[in-house]
*Asks:* 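Handing you this structure, nothing more for now.
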Amino acid sequence: MHKRPDPALRLRLTERKAALLDRIAIEEGRPEAAVQAEEARALAAQLRAEIEGTDS
């Protein structure tokens with residue numbers, strides 16, 4: 001049986017991923033990493049809303 005990861009843990013990891021991708025985009029000049037960072041931030045916002053019990 002597969003359990004979903006803890007939402008708070010997944011949120012923290014997603015925020016760290018976004019920060020790392022931002023750093024890669026800047027330090028290595030990789031615009032695709034900036035796009036991936038934005039996607040990770042959008043997912044983090046969705047996870048945060050789920051944790052807080054809102055639909056925003």
Side-chain angles (χ1 to χ4, degrees):
M1 186 153 68
H2 179 71
K3 287 177 64 176
R4 290 188 70 183
D6 174 43
L9 174 61
R10 189 167 176 220
L11 172 60
R12 286 192 304 272
L13 290 173
T14 303
E15 290 172 334
R16 290 179 67 190
K17 178 181 179 178
L20 177 60
L21 287 164
D22 279 333
R23 186 172 173 184
I24 290 169
I26 293 167
E27 292 180 6
E28 297 182 13
R30 295 179 51 192
E32 71 277 8
V35 172
Q36 292 171 335
E38 186 60 35
E39 292 168 354
R41 279 191 291 279
L43 176 57
Q46 179 183 354
L47 292 168
R48 192 174 299 105
E50 289 175 12
I51 290 169
E52 295 171 354
T54 63
D55 290 356
S56 321

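Since this is a predicted model, take the numbers as computed values, not measurements.
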*Asks:* How far apart are the closest heavy atoms of I24 and A33, and which atoms are they?
*Replies:*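 Distance-wise, the nearest heavy atoms are CG2-CB, 3.9 Å.
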
*Asks:* Are L43 and I51 connected, step by step, through hydrophobic side chains (Ile, Leu, Val, Met, Phe, Trp, Tyr) whose heavy atoms are closer than 4.5 Å?
*Replies:*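 Yes, it is one cluster - the side chains of L43 and I51 are joined through contacts under 4.5 Å.
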
*Asks:* Check whether any side-chain heavy atom of L13 sits under 4.5 Å from a side-chain heavy atom of R10, and report yes or no.
*Replies:*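 No - every pair of side-chain heavy atoms lies 4.5 Å or more apart.
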
*Asks:* Can you find a pair of side-chain heavy atoms, one from D22 and one from R41, that are under 4.5 Å apart?
*Replies:*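 They are in side-chain contact.
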
*Asks:* I need the T14 OG1 to E39 CD distance, nearest 0.5 Å.
*Replies:*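 Going from OG1 on T14 over to CD on E39, the span is 12.5 Å.
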
*Asks:* Could R12 and E15 be called an ion pair, given the rule that one side-chain N must be under 4.0 Å from one carboxylate O?
*Replies:*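 Between E15 and R12 there is no salt bridge, as every charged N stays at least 4.0 Å from the carboxylate O atoms.
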
*Asks:* Can you see which heavy atom on A18 is nearest to which on A37, and at what distance?
*Replies:*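 Shortest heavy-atom contact: O-CB, 3.6 Å.
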
*Asks:* Enter the distance from E32:CD to L21:CG here, rounded to the nearest 0.5 Å.
*Replies:*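 Answer rounded to 0.5 Å: 9.5 Å.
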
